[in-house]
There are 2 protein chains.
Amino acid sequence: TGKLRALKRWGLTFLVGVLQAVIAITCNMASRRLGEVKFDHVYDLLAYNAMGSASPSSSSSGSMSAPTEDQYAYYTADGYLDMNQDGIPDEQQESGGGGEETDLNEYFFNFWHSPFLAFLFYQTVFATIASLFVYIEPVSGGSGIPEVKCFLNGIDLPRIVRFKTLVCKVIGVTFSVAAGLPVGKEGPMVHSGSVVAAGISQGKTRLWGKDTSFSKFSDFRNDREKRDFVACGAAAGVASAFGAPIGGVLFSLEEGASYWSTKLTWRAFFCAMVTLGTLFAIRNQDIKFGQANVDKLFSFGEFTAIGDGMVNFSVWELLLFILIGCLGGLIGACFNAGNEHLTIWRMKNVNFCKKRRVIEVVVMSLLVTTVSFVMPLIWNRCTELPTDMQDWTNQEKELVNNLVPFNCIPGKEYNEVASLFFCEADVAIRQLFHFRETGETDAATFSSAALFLFFIPYITLASLVYGIAVPSGLFVPSLLAGAAFGRLFGHLLHKLDHTSGTFADSGTYALMGAAAVLGGMARMTISLTVILLEATGNMQYCLPLMMTLMSARFVGNVFNEGLYDIHIHLKHIPFLEPDVPTIAERHEIVAGQVMSTEVKCLRPVERVGVVYDLLKNAQHGNFPIVDTASSGTLYGTASRTMLCTLLQRRAFGQPHDVNNGQNHSNTGEDYAELLGPKRLSPLVQWDTLERVYPRYPTIDDVELRPGDRNCWLDLRPYANTAPYTINETASIQRTYRLFRTLGLRFLCVVNHNNQVVGIITRVDLLPDSLSDAIMRGRNAHMVGGGLS
Amino acid sequence: TGKLRALKRWGLTFLVGVLQAVIAITCNMASRRLGEVKFDHVYDLLAYNAMGSASPSSSSSGSMSAPTEDQYAYYTADGYLDMNQDGIPDEQQESGGGGEETDLNEYFFNFWHSPFLAFLFYQTVFATIASLFVYIEPVSGGSGIPEVKCFLNGIDLPRIVRFKTLVCKVIGVTFSVAAGLPVGKEGPMVHSGSVVAAGISQGKTRLWGKDTSFSKFSDFRNDREKRDFVACGAAAGVASAFGAPIGGVLFSLEEGASYWSTKLTWRAFFCAMVTLGTLFAIRNQDIKFGQANVDKLFSFGEFTAIGDGMVNFSVWELLLFILIGCLGGLIGACFNAGNEHLTIWRMKNVNFCKKRRVIEVVVMSLLVTTVSFVMPLIWNRCTELPTDMQDWTNQEKELVNNLVPFNCIPGKEYNEVASLFFCEADVAIRQLFHFRETGETDAATFSSAALFLFFIPYITLASLVYGIAVPSGLFVPSLLAGAAFGRLFGHLLHKLDHTSGTFADSGTYALMGAAAVLGGMARMTISLTVILLEATGNMQYCLPLMMTLMSARFVGNVFNEGLYDIHIHLKHIPFLEPDVPTIAERHEIVAGQVMSTEVKCLRPVERVGVVYDLLKNAQHGNFPIVDTASSGTLYGTASRTMLCTLLQRRAFGQPHDVNNGQNHSNTGEDYAELLGPKRLSPLVQWDTLERVYPRYPTIDDVELRPGDRNCWLDLRPYANTAPYTINETASIQRTYRLFRTLGLRFLCVVNHNNQVVGIITRVDLLPDSLSDAIMRGRNAHMVGGGLS
């Protein structure tokens, strides 16, 4: 049966990988399609207006010859997307042949021919739809990465891995990305993978009421198996979002797994690989026997080395990359600080009311739309398209087709700022990474001023938007803002030295900037490096990326923590960092100092009334059972869920001394009689307990009949008789390691005689509690705590 | 002081990175230089013989025009190595102008003009020198990876991280690689990094007798800090060997760190980055302001995509890669099985005598040399060099220059088998990966027969050689044999379908074959994938490599374990695998079943004689201290090293009842008097104990004077009063996790009253001991053990 279970486990992991790939690709396609609908209409209106109002440009575009009209076709969103697929724009005949007038008649509503109103309409409607899904399921808002981190850390946040959350998250993120908000779908994909994994491993959802037997009989229904599956799912999520399977595994390990299990690592690796393989197969289904296309969902484009066996930068430029990293760390710290203050304000003024949250989304969407539209208008300059593209690669030529002629002559000119604001975020990122930079002049590329006019509003908007009630990832906005910043930095360097070759190209600097800002915001370590490296796809950037990310993290950590950690702390979740808090390393603290001495204990055989009252009054998840016969040594522990289930199943026996009226005075002797070998209460099968996982009855579900309170509940068959314990004199470092390594939620503190003197929970190990404990330790007697 | 310590730690880590890079590059240069000396002489003798004996070819080479003589120059080892550096062979004038006759006069000894004798002489002398270094320091033999694994696992093998070991290992591996044995320098580099890290962190070596104060005062002299440093050093070692910093970090984590510490990961990452940066700076020191060369120590060469945004293989070929993985797993399993049997034989018949080990090396070297020389002779076919190389890349042209004209016309023809046997291993690997393959005909490339004639002898020799008394890595031989196998596989596929484009090029298959055989041999998981991916430098091979390695591991694990694990087990080292043994998962075992019940306990205040006898008679590293006043509850533990130091420092007090002759009968009353608050024995400062780390006195260093045995040793100030304990009813899974996660070496087993009932050491948790425990559990009463 062990082998069968292992086989089932691998089978389910395979299924998780495949499903996550399908979800990711569906979500991606849908949000692209929605984006196309929006941009098509807006582009058409823009073109119509350009013809009608700006007569010089319209006349020149009206008298265009056939080939120019072909070029015009490229800049419809539809057109360039189809270019990506098969290289031939299939809209060519329609838009080229039919003319602009008929295009507009296709649409039901014209918005009085105002592109701004159309843009506003689409963006706001999409954003509202996204926020409605969060209205239905509030935990589906935001990135999802903090929630997955907490889950992997051992904290069971409610409804995080439910099927309903998955549906709302995936549909929501599709619309929020299509709405043009500065959000990405990478975080939500990680969350989606986790939910898929949890759902498949447990084989039970409340929505369908379905219950598959494989999971029940295979003993997958426990926290540890579920957590392992979620770790695999998170890896698959990262793999589907960035095409970074190894980065995904590392993400799972870094964020969650406190215990390095080779088997689990290998399984997460397998899951990520299946996801990548499925994506690969789906994307290449039409090219059967030919060469395969290695497109990822989210692509940085292809970085190529400029020469044989050479890298695109010089040795001493590594120092510049470190400088970019430091600046990125600063930017990230500002971003985090701004968002933290905003989130605190939001928690006070918005979040308590669901309707207010929807209104906030609408307001934000209006703001984002206005800024996105006004910035290109402010720029109001037309740049000529590059003409001599003989030696350009396909990728570069394609990027030229993606440039947006906002109020400029299509096919001849483009608006630099509009080309960044008016397209999908990953297209804009590729523009910044790969649009050819001569290094001598700013012509025919993004100028410094345009980059600045994009960078500042965009990163401000991103900081404002994160936290509103839509599913929203943070990776893409950070990368895009960072790429603009990096490219700007590269421009300034090129201004210093015009001759080509001294500095690396602006694309390399854009990549470093993207890494720096993302690293300064998220502060992840090795996993982020690997994710970026895999997305970049070129190993020559390994050393620069490492240096940039490392300096960004170092500088950022001086000011505040990573944004995910900030949000976890704002929610007051007892998240245990992988490392012992520095306060514990600096001071000598022992377990006896931090423990809570108000321990509610049970006896091995206990009155039902006592158990019931305890469950009613205390909120703890576990209760120590102490042996009163031997002056309070620890017998074992009982969990709240088990106790509730036992009470609900009425697993207690009638009191044998029901007649003599002295029920409540439990003297030592008559209690000792109870501890004999005879069975006191009907035994509940372990299966019965397991079947209700994870929706155990609560104490409110338990109804006691009048005589029940005097009955005896025999806890001995159910108690965990070998709980982890720690001596009261053990150092806090040791306690912390035990907690974090084994993913514990509580720990009994005992003295040398194995008597329970206190209890430690996660909350007691947070830095704030530790500093309290130090203060207490100075005043009160240290090991004085006892049983309450 | 906490910040200063952290700063020092980072500073030392930086130093480790730089030093390891310098060592790696020195070792690499030296072994190349030695190889050049050897090959230059042999090539010259070969050319001389070709002129003298084979008159048709010699006449044609004699009447060569100037450009042809230039080409001849390329195939000297010196020439092509210089080509790597600056593209211009600097030997051109010498060998081209001086003629072949004068070349031979340069050498002191001509070996009767026999290239075979010269070859034999050089190879054997180098091999003997390598083995002499192992003669000096036996633990410097072999790969070093099993030793590093054990060290990171928490097992302190003697002399593994000593300075002497480092010197012998590095010089030894330089010579063993130069000796042409099928060994690599990758494993030894990992070992070297570990020793450097351990040495720098401890700041003390026996060889110099130097003791730096920074380490002493910064409290780095404990097992945990040392282990962390070694993990960083191992990462730096991998980074220096393969240019794979992330793979290095993962290697450290996978092999050693049971506890995922973000700080440690980050530090290992930093260390690997510093190594890579140093290598990068050293290699590019001459190219100051230009583009940098990204050469690694060990390079797979540059893999390029054949088309824009396309990958070099089709979707369905992934299935073929899985097949290659399975075959690689089989080959690896055969390799491991063969080497296991040989090692057992070797342990019985050779290893007990140092001289026999040297003789074995000489014999092996003779065998390897003979085979390497005879195989090209057997082949005895000349293939014409490709002539039309217009569209070839620089890398491919360079590879053509590296082909060896063994008894063929230099500059026109080459011997296929000789081109694989008669050059450095990494050049041969690059040939197999990148030598252009048309897909239609075998001409102008390595033919299937030649590959077969190389693959079988080479992998056999590699299996024979691993384990002899020279420092020897296993990665390179596995990769080379695997590359030959993979290319052979690709050839056979191309035979099936001659038209180009159906199957990927042979180079891709060679890469997959290399991964498969290495994976089948080493069975490492994620770290190996990342190492290979980083060495390949092209992310498009991510999915194929993952699939190949995964299937290789699965198939290999059916038959036996990885070679490193085999060697660890053959040495009977109590190595704890990261995962609980399957036997423990299948049966219900509790801690009480596996524990050893023969516990030697001490009392908090103990007679010196008792302590001395205990240390003399028992070999344990730790002893529980039980409180006899409270019927044997656990008071704490004392380590052997501490007890020895205390005895040596005479930290015991005079017996207060020395006069009344009843010293040896310790009745309860007079013992209880001792436990009062008054100080019984002079206190030894913790500094004193720490100063002697890691070379504590042994019990044989302790000399007791006549009256000492009756003195009292007060252990209470020194005892670890909060040792980890486990209840006798705890499951074996829980015990195992506690052990492995916290890197324990022993664990006290207690009952519900905190009385010591047994002790568990690493040996008790090995699969064999567990199955013994199950057998015992059926016969004897389970929890019957008590204090002995």
Side-chain angles (χ1 to χ4, degrees), chain A residues 2 245-246 249 253-254 257-263 265-266 269-270 273 276-277 280-281 284 289-294 302 307-311 313-315 393-395 502 525-526 530 534 537 539-540 542-543 546-547 550 578-579 585-586 630 633 635 721-722 727 729-730 741 752-754, chain B residues 2 245-246 249 253-254 257-263 265-266 269-270 273 276-277 280-281 284 289-294 302 307-311 313-315 393-395 502 525-526 530 534 537 539-540 542-543 546-547 550 578-579 585-586 630 633 635 721-722 727 729-730 741 752-754:
Chain A
I246 297 164
V249 175
L253 287 172
E254 186 174 319
S258 36
Y259 177 70
W260 176 287
S261 153
T262 311
K263 272 184 194 160
T265 312
W266 204 221
F269 194 51
F270 174 72
M273 194 189 75
L276 201 67
F280 188 73
N284 291 291
F289 270 78
Q291 296 299 320
N293 192 331
V294 75
E302 204 179 337
D308 254 341
M310 303 295 255
V311 295
F313 52 88
S314 356
V315 184
T393 63
N394 285 345
Q395 176 176 259
T502 310
T525 58
I526 190 169
V530 178
E534 286 186 279
M539 275 297 164
Q540 61 162 292
C542 184
L543 191 60
M546 284 168 94
M547 288 185 161
M550 191 167 264
D579 293 300
E585 284 190 347
R586 259 184 243 147
S630 55
T633 58
Y635 179 83
T721 54
N727 200 291
T729 58
T741 316
H752 277 297
N753 295 320
N754 207 30
Chain B
I246 297 165
V249 175
L253 287 172
E254 186 173 319
S258 35
Y259 176 70
W260 175 287
S261 153
T262 311
K263 273 184 193 159
T265 313
W266 203 222
F269 194 52
F270 174 73
M273 194 188 75
L276 200 68
F280 188 74
N284 291 290
F289 271 78
Q291 297 298 323
N293 193 330
V294 75
E302 203 179 339
D308 252 342
M310 303 295 257
V311 295
F313 51 89
S314 356
V315 184
T393 63
N394 285 345
Q395 177 176 261
T502 310
T525 59
I526 189 168
V530 178
E534 286 187 279
M539 275 297 163
Q540 61 163 293
C542 184
L543 191 60
M546 283 169 94
M547 288 186 161
M550 191 166 263
D579 292 300
E585 284 190 347
R586 262 185 240 146
S630 55
T633 57
Y635 179 84
T721 53
N727 200 291
T729 59
T741 316
H752 277 298
N753 295 320
N754 207 30

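These numbers come from the heavy atoms of this one structure, side chains and all, not from hydrogens, waters or symmetry mates. In what follows, chains carry the letters A, B, and so on, assigned in the order in which the sequence lines appear, proteins first and then strands, with residues in each chain numbered from 1.
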What residue, out of A:Asn727, A:Val530, A:Thr633, A:Leu543, has the most heavy-atom pairs lying under 4.5 Å from chain B? A:Leu543

Kindly write out the residues that satisfy side-chain hydrogen bond (donor to acceptor under 3.5 Å, both in side chains) with A:Asn754, not counting sequence neighbours, or none if the list is empty. none

Nearest 0.5 angstrom please: B:Leu253 CG to A:Ile526 CD1, how far? 6.5 Å

Among A:Phe270, A:Tyr635, A:Phe269, the residue with the most heavy-atom pairs under 4.5 Å to chain B is A:Phe269

